[in-house]
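Below: the structure, in structure tokens.
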Amino acid sequence: MSSALSLILAIQALLTVVLSFGSDSAYSRFFFEAKTQEDRRVLTSTWIGFLAVLSTAIALLCLPFADAISRAAFDNTDYALAIALALLT
């Protein structure tokens, strides 16, 4: 059981990095190029909003496939709930 949960958490961490699309680097670049505090505030709020929308959309698109993902990874659907929870976090 713990090896299955470790695999789920490792895949979640990998997807987090891959799906960020390098936006953290882009954010840093534009943050330090911003001339005013207002520009930085707008950039930061836009970036956080983008990440919230992106991660919510991806989670909602993948959530119906939790059973299939569990079946593909573990040959059963016992871990579908754990996969669904990992997608939502």
Side-chain angles (χ1 to χ4, degrees):
M1 171 129 174
S2 65
S3 60
L5 294 177
S6 295
L7 177 63
I8 291 169
L9 292 175
I11 291 171
Q12 177 194 28
L14 177 66
L15 286 175
T16 300
V17 171
V18 170
L19 295 175
S20 70
F21 299 116
S23 64
D24 53 342
S25 298
Y27 168 75
S28 297
R29 176 179 179 253
F30 289 115
F31 182 85
F32 290 110
E33 279 186 3
K35 303 284 188 229
T36 65
Q37 285 295 97
E38 178 63 19
D39 290 343
R40 288 180 176 179
R41 188 190 64 75
V42 169
L43 173 67
T44 300
S45 62
T46 302
W47 182 70
I48 290 171
F50 167 74
L51 289 180
V53 169
L54 177 69
S55 60
T56 301
I58 290 171
L60 292 177
L61 287 173
C62 293
L63 203 54
F65 301 105
D67 283 342
I69 294 168
S70 178
R71 194 173 299 108
F74 306 111
D75 292 328
N76 60 51
T77 60
D78 295 346
Y79 297 101
L81 179 60
I83 291 170
L85 291 174
L87 287 169
L88 293 174
T89 57

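What you see is a predicted model; the values in this text were computed from it and never measured. Any value given below was found using the heavy atoms of this structure, including those in side chains, with hydrogens, waters and symmetry copies removed.
One hydrophobic cluster, built from ILVMFWY side chains closer than 4.5 Å, cannot hold both Leu60 and Leu81; they sit in different ones. Ile69 and Leu5 fall within the same hydrophobic cluster, defined by Ile, Leu, Val, Met, Phe, Trp and Tyr side-chain heavy atoms under 4.5 Å apart, directly or through other members. Both Leu88 and Leu7 sit in one connected hydrophobic cluster of ILVMFWY residues. Membership requires side-chain heavy atoms under 4.5 Å apart, directly or through other members. Tracing side-chain contacts under 4.5 Å through hydrophobic residues (I, L, V, M, F, W, Y), one reaches Ile11 starting from Ile83; they form part of the same cluster.
Within the structure, the salt bridge (Lys or Arg N to Asp or Glu O under 4.0 Å) test picks out the following pairs touching residues 19-29 (sequence neighbours left out): Arg29-Glu33. Here ring-ring contact (aromatic ring centres under 6.0 Å, His included) pairs that include residues 29-48, with residues two or more places apart or in two chains, are Tyr27-Phe31, Tyr27-Trp47. Applying the side-chain hydrogen bond (donor to acceptor under 3.5 Å, both in side chains) test to pairs two or more places apart or on separate chains, those with a residue in residues 80-89 are Gln12-Thr89.
Among residues two or more places apart in sequence or in another chain, the ring pair (Phe, Tyr, Trp, His ring centres under 6.0 Å) test is passed with Phe74 by Tyr79. With sequence neighbours excluded, no residue forms a side chain to side chain donor-acceptor pair (under 3.5 Å) with Asp67. Residues meeting the side chain to side chain donor-acceptor pair (under 3.5 Å) test with Thr46, sequence neighbours left out: none. Under the rule for a side chain to side chain donor-acceptor pair (under 3.5 Å), Ser28 has no partner lying at least two apart in sequence or in another chain. With sequence neighbours excluded, no residue satisfies side chain to side chain donor-acceptor pair (under 3.5 Å) with Ser25. With sequence neighbours left out, Phe65 forms a ring pair (Phe, Tyr, Trp, His ring centres under 6.0 Å) with no residue at all. The salt bridge (charged side-chain N to carboxylate O under 4.0 Å, His left out) search around Arg41 returns Glu38, not counting sequence neighbours.
The distance from atom CG of Leu43 to atom CD1 of Ile48, rounded to the nearest 0.5 Å, is 9.5 Å. In this structure, CD1 on Ile58 lies 4.0 Å from CG on Leu54, to the nearest 0.5 angstrom. With rounding to the nearest 0.5 Å, the separation of OG1 in Thr56 from CG in Leu87 is 12.0 Å.
Apart from Val18 itself, the hydrophobic cluster it occupies contains Leu14, where clustering links Ile, Leu, Val, Met, Phe, Trp and Tyr at side-chain heavy-atom distances under 4.5 Å. Within the hydrophobic cluster formed by Ile, Leu, Val, Met, Phe, Trp and Tyr side chains joined at under 4.5 Å, directly or through other members, Leu9 stands alone, with no partner residue.
Taking all atoms of both residues into account, the shortest heavy-atom contact from Ala80 to Ser70 is N-OG, 3.5 Å.
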